[in-house]
Enquirer: 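What follows is a single structure, and I will ask about it in a moment.
In what follows, chains carry the letters A, B, and so on, assigned in the order in which the sequence lines appear, proteins first and then strands, with residues in each chain numbered from 1. All heavy atoms count here, side chains included; hydrogens, waters and symmetry mates do not.
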Amino acid sequence: MVRLPIETKDGEFVAYYSELGLAGLEFPKEKGESDRFSSDKSTPSAEVRRWHALTTKALKQVLAGHTPETLPPLDLSSGTEFQQRVWKVLCGIGSGKTMSYMEVAAAIGQSKATRAVGSACGANPIPVLIPCHRVLAANQGLGGFSGGLDWKRKLLAREGVEYIGSSTRQRTLGLAIV
DNA sequence: TAACATTCCGCGC
DNA sequence: GCGCGGAATGTTA
């Protein structure tokens with residue numbers, strides 16, 4: 001597994017590559033301890049470098065609120081079949097659009113597995129590139145987010161998505177916060 | 001078995 | 001109509 005940093009305006013992301021492709025992505029850390037385990041000294045293969053270039057480009061586009069045209073190959077082998085189906089659906093959501101957990105569940109033919117869909121999103125190894133942040137609750141409220149809710153808010157805001165402010169119980173209230 | 005990044009239904013105000 | 005409690009439901013470690 002190869003570990004490579006990606007510099008962006010929002011901080012230093014870290015990408016992980018396996019033999020198959022991009023296997024993971026981490027949000028910037030708070031503290032500057034990133035050098036600690038930058039162990040992998042060996043120069044990445046040409047293939048990995050090519051993937052990394054694509055990842056970097058794609059990541060920056062998403063951070064700018066766009067849908068990347070090209071993604072590097074993704075290594076999703078770590079997930080279960082159900083999770084991979086969910087992630088595949090997520091990849092189909094365009095920038096500026098959103099789906100509810102319920103809609104995603106329906107999209108994979110199990111409209112009642114809403115909660116399971118939530119779990120699958122949380123298990124997503126590659127946030128941002130797999131747009132797990134575009135999944136909202138049924139009433140367009142923010143659900144949750146592994147990497148911190150702030151990121152979800154920020155990403156949605158950049159894409160011009162309207163969502164409901166705080167957490168759980170805002171369904172009957174048609175109050176959209178822009 | 002327990003834990004979830006959910007949803008829906010029903011009741012009291 | 002609004003707000004809250006609680007049950008239902010599928011997948012995972």
Enquirer: Show the numbers, then the answer: is there a side chain to side chain contact (heavy atoms under 4.5 Å, CB included) between A:Thr98 and A:Gln140?
Expert: CA-CA 9 Å; A:Thr98 62; A:Gln140 299 215 274; 3.6 Å; yes
Enquirer: Stepwise, does the side chain to side chain contact (heavy atoms under 4.5 Å, CB included) test hold for A:Arg115 with A:Tyr101?
Expert: CA-CA 8 Å; A:Arg115 216 152 168 205; A:Tyr101 291 98; over 6 Å; no
Enquirer: I need the A:Leu4 CG to A:Thr55 OG1 distance, nearest 0.5 Å.
Expert: 9.0 Å
Enquirer: Check DNA chain B against residues 126-135 of chain A and give the residues with a non-hydrogen atom under 4.0 Å, in numerical order.
Expert: A:Cys132
Enquirer: Give me each pair satisfying side chain to side chain donor-acceptor pair (under 3.5 Å) with a member in residues 58-73 of chain A, each pair once, sequence neighbours excluded.
Expert: none
Enquirer: Minimum heavy-atom separation for A:Pro125 and A:Ala23, please, with both atom names.
Expert: CB-O, 3.5 Å
Enquirer: Would you compute the distance between atom CZ of A:Arg134 and atom CG of A:Leu90 and round it to the nearest 0.5 angstrom?
Expert: 9.5 Å
Enquirer: Would you mind listing every salt bridge (charged side-chain N to carboxylate O under 4.0 Å, His left out) that reaches into residues 87-99 of chain A, with sequence neighbours excluded?
Expert: none
Enquirer: I'd like to know whether A:Tyr163 forms a side chain to side chain contact (heavy atoms under 4.5 Å, CB included) with A:Lys152, so could you lay out the CA-CA distance, the side-chain angles of the two residues, the decisive distance to 0.1 Å, and finally the verdict.
Expert: CA-CA 11 Å; A:Tyr163 55 89; A:Lys152 187 165 185 173; over 6 Å; no
Enquirer: Without decimals, in angstroms, what is the distance between A:Ile164 CD1 and C:dG3 P?
Expert: 12 Å
Enquirer: Whether the side chain of A:Ser119 and the base of B:dA5 hold a donor-acceptor pair under 3.5 Å is what I'd like checked.
Expert: no
Enquirer: Before you tell me yes or no, could you show the steps for A:Trp151 and A:Phe27 under ring pair (Phe, Tyr, Trp, His ring centres under 6.0 Å), namely the whole-Å CA-CA distance, both residues' side-chain angles and the distance that decides it to 0.1 Å?
Expert: CA-CA 9 Å; A:Trp151 277 106; A:Phe27 284 104; 4.9 Å; yes
Enquirer: Measure across A:Ser77 and A:Leu20 and return the closest heavy-atom pair with its distance rounded to 0.1 Å.
Expert: OG-CD1, 4.3 Å
Enquirer: I'd like to know whether CD of A:Glu7 has more than 12 heavy-atom contacts from other residues, nucleotides or ligands below 6.0 angstrom.
Expert: yes
Enquirer: Listed in order of residue number, which residues of residues 74-96 of chain A have a non-hydrogen atom at under 4.0 Å from DNA chain C?
Expert: A:Thr80, A:Phe82
Enquirer: Identify the stems formed by DNA chain B, where each pair is Watson-Crick or G-U wobble with both distances under 3.5 angstrom and a stem is at least 3 consecutive pairs.
Expert: B:1-4 with C:10-13, B:6-13 with C:1-8
Enquirer: Can you name the closest pair of heavy atoms from A:Ile6 and A:His52 and give their distance?
Expert: CG1-CE1, 3.4 Å
Enquirer: For DNA chain C, determine which residues of residues 102-115 of chain A have any heavy atom closer than 4.0 angstrom to one of its atoms, and list them numerically.
Expert: A:Gln110, A:Lys112, A:Ala113, A:Arg115
Enquirer: Given atom OH of A:Tyr101 and atom P of B:dC8, what is their separation to the nearest angstrom?
Expert: 14 Å
Enquirer: Go through A:Leu155 and A:Val161 one step at a time and tell me if the side chain to side chain contact (heavy atoms under 4.5 Å, CB included) criterion holds.
Expert: CA-CA 9 Å; A:Leu155 291 168; A:Val161 171; over 6 Å; no
